[in-house]
Trainee: 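Got a structure here, written out as structure tokens. Questions coming.
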Amino acid sequence: PYEVLIIGGGPAGAAAAVYAARKGIRTGIVAERFGGQTMDTLAIENFISVQETDGPKFAAALEAHVRQYGVDVMTLQRVAHIEPAPQPGGYATVTLDNGATLKGRSIILATGARWRNMNVPGEAEYRTKGVAYCPHCDGPLFKGKDVAVIGGGNSGIEAAIDLAGIVRSVTVLEFADQLKADQVLVDKLRSLPNVTVHLNAQTTEVTGDGQKMTGLTWKDRVTGEEHAPALAGVFVQIGLVPNTEFLKGTIELSRFGEIVIDAKGHTSVPGIFAAGDATTVPYKQIIIATGEGAKAALSAFDHLIRTPAA
Ligand code: FAD
């Protein structure tokens, strides 16, 4: 059994593991894929003090840092269910997909999130070759170029405003007949000279030359007209889905499925903490996830020293 059992091996889980292990307590980490979303990232240029790295290199560095402290690292394991401790100070039980169980006197949930895909031809093929999901991360790669943003909710319109200051032009494509973003954002967007908005626009394909994306096709759902603008990039902003399905009914989730945490990383269940993209913490970024992971581990340690073992 572990004093601290961490679920998820992305930036949040790795930071939690290092902080917990440095307290000299028995720490384990279970992850389907160590590195998490960073494994899908080409360039990382905003993790402060590291001017430039790439995703796989960053993920390898996370794992090396965790292993240096003798943490039990269990990868390629998916957690199916969590049973909170039956009494304060007892052990929570974590059940894996393969039926095996692990026990932790405290648990840190750091299962991250995934971007919702358009599921159109070319999207997967040109991912990181024009198809992007994070304007804070990849916006500068498209400096001076023409890009599209898919989605007219708050994240899509924020992305369009953000990108308009960097790229040559932004085309916003919204499937519905109106933008769902807050009015103040829509007003700001409408004031920008290099942004065009199309409503009732259904993206049908991402096109490219085999190496990189060169454009996309979209259909006007009212007139049926097809369009095929040339574009260097497309930012897909149709939702970030937290990996928390397995927690339904056990831990309080927001209406978006995010684990509800307080400022110290406490969840609705004593002894269970959470950090990173899977939670209600605003701004989903590596540097934020690592800080949150450290915080959750310190809170778990605080819980352990105050709660007599049952
Ligand atoms: P994740 O990285 O999502 O890690 C989740 C972990 O949990 C993984 O190990 C996963 O395998 C595991 N897991 C999930 N469910 C289970 C389960 N049931 N059982 C066991 N394990 C499970 N941020 C930046 O700051 N800079 C960038 O340049 C940048 N670029 C990005 C580019 C792309 C393409 C993407 C997708 C994201 C990018 N981000 C960037 C965002 C950043 O990657 C995330 O904010 C960060 O990885 C979140 O860390 P996390 O640990 O909370 O979750």
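These figures come from a predicted structure and were not determined experimentally. Order of listing sets the numbers, starting from 1, for every ligand and every atom in it.
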Trainee: Can a non-hydrogen atom of Q77 be found less than 4.0 Å from any atom of ligand 1?
Mentor: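 Yes.
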Trainee: Is there at least one pair of N or O atoms, one from A275 and one from ligand 1, spaced under 3.5 Å apart?
Mentor: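 By distance alone, the answer is no.
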Trainee: Please say whether D40 places an N or O atom under 3.5 Å from an N or O atom belonging to ligand 1.
Mentor: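 There is no such contact.
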Trainee: Quick test: of every protein heavy atom, which one is nearest to atom 16 (C) of ligand 1, and how far off is it to 0.1 Å?
Mentor: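 Closest protein heavy atom to atom 16 (C) of ligand 1: T111 CG2, 3.7 Å.
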Trainee: Can you pull out the closest protein heavy atom to atom 53 (O) of ligand 1? Residue, atom name and distance to 0.1 Å, please.
Mentor: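 For atom 53 (O) of ligand 1, the nearest protein heavy atom is G112 CA, 3.2 Å.
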Trainee: Using the six-membered ring wherever Trp is involved, compare the ring planes of F58 and F47 and label them parallel, tilted or perpendicular (cut-offs 30° and 60°).
Mentor: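 Perpendicular: the ring planes of F58 and F47 meet at over 60°.
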Trainee: Polar contacts were defined as any N/O atom of the residue lying under 3.5 Å from an N/O atom of the ligand; does this apply to C134 and ligand 1?
Mentor: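 The answer is no, given that C134 and ligand 1 share no N or O pair closer than 3.5 Å.
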Trainee: Answer with yes or no whether P11 contacts ligand 1, where contact means a heavy atom under 4.0 Å from a ligand atom.
Mentor: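 Yes, P11 has a heavy atom closer than 4.0 Å to ligand 1.
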Trainee: Do any N/O atoms on E45 end up under 3.5 angstrom from N/O atoms on ligand 1?
Mentor: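 No, since none of the N or O atoms of E45 sits under 3.5 Å from an N or O of ligand 1.
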Trainee: Specify side chain, backbone, both or neither for W115, according to which of its non-hydrogen atoms lie closer than 4.0 Å to ligand 1.
Mentor: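 For W115, the contact with ligand 1 is made by the side chain alone.
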Trainee: Under a 4.0 angstrom heavy-atom cut-off, which atoms of ligand 1 come close to N46?
Mentor: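 Within the 4.0 Å cut-off of N46, ligand 1 contributes 24 (C), 25 (O), 26 (N), 27 (C), 28 (O).
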Trainee: What residue and atom, counting heavy atoms only, is the protein's closest point to atom 12 (C) of ligand 1, and at what distance?
Mentor: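 Here the closest protein heavy atom is G8 CA, 3.7 Å.
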Trainee: Test your reading of the structure: does I286 have an N or O sitting under 3.5 Å from an N or O of ligand 1?
Mentor: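 Yes, since at least one N or O of I286 sits under 3.5 Å from an N or O of ligand 1.
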Trainee: Would you please indicate yes or no on a ring centroid separation below 6.0 angstrom for H81 and F246?
Mentor: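 Ring-ring flag for F246/H81: false, centres at least 6.0 Å apart.
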Trainee: Tell me if the aromatic rings of F301 and Y19 count as close, with their centers under 6.0 Å from one another.
Mentor: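 Centroid distance F301-Y19: not below 6.0 Å, so no.
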Trainee: Out of all atoms in ligand 1, which are within 4.0 Å of some heavy atom of A113? Include the element for each.
Mentor: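 Listed by number with element: 3 (O).
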Trainee: Does the N200 side chain pair with the main chain of V222, one donor and one acceptor, at a distance under 3.5 Å?
Mentor: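 Such a contact is absent between N200 side chain and V222 backbone.
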Trainee: If the condition is salt bridge (charged side-chain N to carboxylate O under 4.0 Å, His left out), which residues does R255 pass it with, not counting sequence neighbours?
Mentor: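 With sequence neighbours excluded, R255 shows a salt bridge (charged side-chain N to carboxylate O under 4.0 Å, His left out) to no residue whatsoever.
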Trainee: Is the shortest side-chain N to carboxylate O distance from D277 to R114 below 4.0 Å?
Mentor: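 No.
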Trainee: Any nitrogen or oxygen of R33, main chain or side chain, under 3.5 Å from a nitrogen or oxygen of ligand 1?
Mentor: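 The answer is yes, given that R33 and ligand 1 share an N or O pair closer than 3.5 Å.
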Trainee: Please verify the inter-ring angle class for F142 with F235; under 30° counts as parallel, over 60° as perpendicular, anything in between as tilted.
Mentor: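 Geometry flag for F235 against F142: perpendicular rings.
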Trainee: With backbone taken as N, CA, C and O and side chain as the heavy atoms from C-beta onward, which portion of A80 lies under 4.0 Å from ligand 1: side chain, backbone, both, or neither?
Mentor: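 The answer is neither.
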Trainee: Are any of the side-chain heavy atoms of T171 and L173 separated by less than 4.5 Å?
Mentor: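 The answer is yes, as the side chains (C-beta and beyond) meet within the 4.5 Å cut-off.
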Trainee: Which one holds for A43 and ligand 1: side chain close, backbone close, both close, or neither close, with close meaning a heavy atom under 4.0 Å?
Mentor: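 Under 4.0 Å from ligand 1, A43 contributes backbone atoms alone.
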Trainee: Tell me which one of A31, A12, P242 gets a heavy atom nearest to atom 51 (O) of ligand 1.
Mentor: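 Of the listed residues, A12 has the closest heavy atom.
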Trainee: Which residue and non-hydrogen atom of the protein lie closest to atom 21 (N) of ligand 1, and at what distance in Å?
Mentor: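 For this ligand atom, the closest protein heavy atom is E32 N, 3.2 Å.
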Trainee: Please check whether V79 reaches ligand 1 - meaning an N/O of the residue sits under 3.5 Å from an N/O of the ligand, judged on distance alone.
Mentor: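 Right, the criterion is met.
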Trainee: If you count the non-hydrogen atoms of other residues, nucleotides and ligands that lie under 6.0 Å from CZ in F34, is the total more than 12?
Mentor: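 Atom CZ in F34 is packed in, count exceeds 12.
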Trainee: Tell me, do K284 and E258 make a side-chain contact under 4.5 Å, heavy atoms counted?
Mentor: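 Yes. Closest side-chain heavy atoms under 4.5 Å.
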Trainee: Could you pull out every donor-acceptor pair under 3.5 Å between side chains of residues 87-102 and any protein atom, sequence neighbours left out?
Mentor:
{"residue": "T93", "atom": "OG1", "partner": "K103", "partner atom": "NZ", "Å": "2.8"}
{"residue": "N98", "atom": "OD1", "partner": "A100", "partner atom": "N", "Å": "2.9"}
{"residue": "N98", "atom": "ND2", "partner": "Q77", "partner atom": "OE1", "Å": "3.3"}

Trainee: Just let me know how A289 lines up against ligand 1, side chain, backbone, both or neither, with a heavy-atom cut-off below 4.0 Å.
Mentor: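 It is the side chain that touches ligand 1; the backbone stays farther off.
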Trainee: Counting C-beta onward and ignoring hydrogens, is there a side-chain heavy-atom pair between K23 and L298 closer than 4.5 Å?
Mentor: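 When only atoms from C-beta onward are counted, L298 and K23 do touch, with a gap below 4.5 Å.
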Trainee: Which is closest to atom 32 (C) of ligand 1 in terms of heavy atoms, V131, D54, T41, L141?
Mentor: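 Looking at heavy atoms only, the winner is T41.
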Trainee: Can you list the ligand 1 atoms lying under 4.0 Å from a non-hydrogen atom of A110?
Mentor: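 Once the distances to A110 are compared, the set is 5 (C), 6 (C), 7 (O).
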Trainee: Give the contacting part of D277 toward ligand 1: side chain, backbone, both or neither, where contact means a heavy-atom distance below 4.0 Å.
Mentor: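 Both backbone and side chain.
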Trainee: Does K219 come within less than 4.0 Å of E226, counting only side-chain N to carboxylate O?
Mentor: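 No, this pair does not count.
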Trainee: Just distances here: any N/O of Q285 and N/O of ligand 1 closer than 3.5 Å?
Mentor: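 Yes: some nitrogen or oxygen of Q285 is under 3.5 Å from one in ligand 1.
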Trainee: Assess the side chains of D187 and Q183: does a donor N or O sit below 3.5 Å from an acceptor N or O?
Mentor: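 A pair is found: one side chain offers a donor N or O, the other an acceptor, under 3.5 Å apart.
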Trainee: Do the non-hydrogen side-chain atoms of P11 and E292 ever get within less than 4.5 Å of each other?
Mentor: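 The answer is no, as the side chains (C-beta and beyond) never meet within the 4.5 Å cut-off.
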Trainee: Closest non-hydrogen protein atom to atom 39 (N) of ligand 1, residue and atom name please, with distance?
Mentor: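 Nearest protein contact, heavy atoms only, for atom 39 (N) of ligand 1 is C137 SG, 3.8 Å.
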Trainee: Considering distance alone, does some N or O of N243 sit under 3.5 Å from an N or O of ligand 1?
Mentor: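 No, N243 has no N/O under 3.5 Å of an N/O on ligand 1.
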Trainee: Any idea which protein heavy atom is nearest atom 37 (C) of ligand 1, and the distance to it?
Mentor: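 Ranking protein heavy atoms by distance from atom 37 (C) of ligand 1, first comes Q37 OE1, 3.6 Å.
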Trainee: State whether D40 and R33 are salt-bridged, where the test is any N-O pair (Lys NZ or Arg NE/NH1/NH2 against Asp/Glu carboxylate O) under 4.0 Å.
Mentor: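 Salt bridge: yes.
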Trainee: For ligand 1 and G276, I'd like to know whether there is a polar contact (N/O to N/O, distance under 3.5 Å).
Mentor: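 By distance alone, the answer is no.
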